[in-house]
Amino acid sequence: MAGSGQERARHWQYAELPDVDLFRARFVEKVFVRHTHENFVIAAIADGVEVFHHGGADQYAGPGTLALVNPDTTHTGRAGVPEGWRYGAVYPSPGLMAEIAAETTTIRGTPGFTRPVLDDPYSVSLVHEVLRAAEEGNGLAADTLLRVAVTRLLRLNGGPLPQRAVLTAGSRVAARARAVLEERMAEPPTLERLATGLGTSPFALLRAFRDTYGMPPHTWLTDARVRRARRLLDTGSAPAEAAVAVGFTDQPHLNRHFTRIVGVPPGAYQRERKNVQDAQRGPSLLSGVWQNRQLTQRHTGKKTAENPTPSSSGTPWESGSPSDCPVSPSG
């Protein structure tokens, strides 16, 4: 788990949940800059308060609540109290969410969350149990609990995502600007050159881009670079190579922006991806071992040395898992 002092975080994948990213963190001074996710965000707050700007206003998520963000939705994140906040999160892909919604809900069309904060301690406990099962190598439990959690959240707080509004002249220009920036990510034009090439003025382009994507072009470009860097890291590129490939000056430049958006440095992020690839080549903890441990706890009421927190706990961070140990955040 990457971190130092009071702050620590782990961003990982589990081979048996291929369409889901997993996250645990405790932050005090951490500030997430404006960014988006390609996947859904389901963040279960265990302690403290998170404040995140979403939909034009600050949203507050405290213990027993969930912060819920739809894909490609601009948001931020920071502590809402001096002691910070502690949470676990799952990031299911749009395809997986659509599959679950079609099978278990009456939502038609692309599913999404209707409110950014939901007070539901039971769903919070389900999210933490998904993370626990993934950490302990129980694919059956992790997959089952994830589907139960998503179904519950969509039934409580779900609906079809709004259809995109008809493109205006400004949004069409913004979309063209975005395409240029995607194509020229490593060597983007200045705002003036970008606007001139699109037949508009710099300030008109700036307004149109912010109205369409929720952030100015340079902020969007940083977010897009980090997304592309993640893909390169997932395929084995070294952080220094990924930094140059997406247009950052060097690896420290990538480290700074990557950590401000993803929550962990690129080196820690990539090590977790390598662990998933290694797990795919050979089994980790057998699910039978996990099940026997749970049965022992259930019938004896004793906490084992490997898992001193009972499995019914909704906030399993005090489990003493090796992943809870802080490591150097070097990327």
Side-chain angles (χ1 to χ4, degrees), residues 1-5 7-27 30-33 35-43 71 77 87-93 96 130-137 139 142 146 182 185-186 221-285 317 321-331:
M1 180 170 288
S4 59
E7 306 211 342
R8 57 183 64 188
R10 183 189 182 197
H11 192 298
W12 82 103
Q13 282 187 323
Y14 175 43
E16 299 300 324
L17 297 177
D19 296 320
V20 185
D21 279 1
L22 308 170
F23 194 70
R24 283 197 191 279
R26 182 183 188 276
F27 293 129
K30 173 73 178 177
V31 175
F32 287 97
V33 297
H35 65 285
T36 62
H37 294 275
E38 294 176 297
N39 288 1
F40 285 84
V41 178
I42 301 174
Y87 68 109
V90 294
Y91 302 81
S93 69
L96 178 59
V130 172
L131 298 173
R132 180 195 296 277
E135 288 173 329
E136 297 186 332
L146 176 70
E182 286 179 333
M185 185 172 290
L221 179 61
T222 298
D223 189 38
R225 282 173 167 171
V226 169
R227 281 194 186 191
R228 188 169 295 182
R230 286 182 61 178
R231 297 190 190 103
L232 293 173
L233 294 171
D234 287 346
T235 58
S237 295
E241 296 172 347
V244 174
V246 302
F248 288 119
T249 306
D250 50 25
Q251 184 177 338
H253 193 196
L254 169 64
N255 287 3
R256 182 167 64 254
H257 290 292
F258 196 99
T259 305
R260 293 170 68 192
I261 289 175
V262 180
V264 297
Y269 172 91
Q270 190 175 53
R271 282 192 293 274
E272 293 289 356
R273 270 16 186 205
K274 183 179 184 301
N275 291 341
V276 171
Q277 295 168 2
D278 292 343
Q280 290 172 336
R281 289 191 287 268
S284 55
L285 180 67
W317 254 45
S321 166
S323 66
D324 287 349
C325 299
V327 298
S328 170
S330 60

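Computed from a prediction, not measured in an experiment: that's the story for all the values here.
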Practice prompt. Could you grab the distance from atom CG of Leu233 to atom CG of Leu254, nearest 0.5 Å is fine?
Written response: 6.5 Å

Practice prompt. Decide yes or no for Leu96 and Leu146: does some side-chain heavy atom of the first lie under 4.5 Å from some side-chain heavy atom of the second?
Written response: yes

Discussion item. Restricting to non-hydrogen atoms, name the atom on Asn255 and the atom on Pro266 that form the minimum distance, rounded to 0.1 Å.
Written reply: OD1-CG, 3.0 Å

Discussion item. Using every non-hydrogen atom in the two residues, find where Trp12 and Arg24 come nearest and quote the distance to one decimal.
Written reply: CZ3-N, 3.8 Å

Worksheet item: Ignoring hydrogens and geometry, is there a side-chain-to-backbone donor-acceptor pair from Gln251 to Pro239 under 3.5 Å?
Response: no

Worksheet entry | Distance-minimising heavy-atom pair for Ile42 and Pro92 | CD1-CG, 4.0 Å

Practice prompt. Identify, with sequence neighbours excluded, every residue that meets ring pair (Phe, Tyr, Trp, His ring centres under 6.0 Å) alongside Tyr269.
Written response: His11, Phe258

Fill in: Partners passing side-chain hydrogen bond (donor to acceptor under 3.5 Å, both in side chains) against Asp21 (at least two apart in sequence or in another chain)
Gln13, Arg230, Arg273

Item to complete: Write down the atom of Pro18, the atom of Ala15, and the distance for their closest heavy-atom approach.
Response: CD-O, 3.7 Å

Worksheet item: Which residues satisfy the side-chain contact (heavy atoms from CB on, under 4.5 Å) test with Ala142, sequence neighbours excluded?
Response: Tyr14, Leu17, Ala133

Output side-chain donor-acceptor pairs under 3.5 Å for residues 241-250, partner residues at least two apart or in another chain, one line each.
residue	atom	partner	partner atom	Å
Glu241	OE1	Ala238	N	3.2
Thr249	OG1	His253	ND1	3.4
Asp250	OD1	His253	N	3.0

Worksheet item: Do Arg228 and Arg225 come close enough that some side-chain heavy atom pair is under 4.5 Å?
Response: no

Item to complete: Write down the atom of Phe23, the atom of Ala9, and the distance for their closest heavy-atom approach.
Response: CZ-CB, 3.9 Å

Worksheet item: Do Val31 and Arg260 touch side chain to side chain, with heavy atoms closer than 4.5 Å?
Response: no

Discussion item. Applying side-chain hydrogen bond (donor to acceptor under 3.5 Å, both in side chains), can you list everything that pairs with Thr36, at least two apart in sequence or on another chain?
Written reply: Asp223, Arg227

Response to the item:
Across all chains, not counting sequence neighbours, the salt bridge (Lys or Arg N to Asp or Glu O under 4.0 Å) partners of Arg256 are none

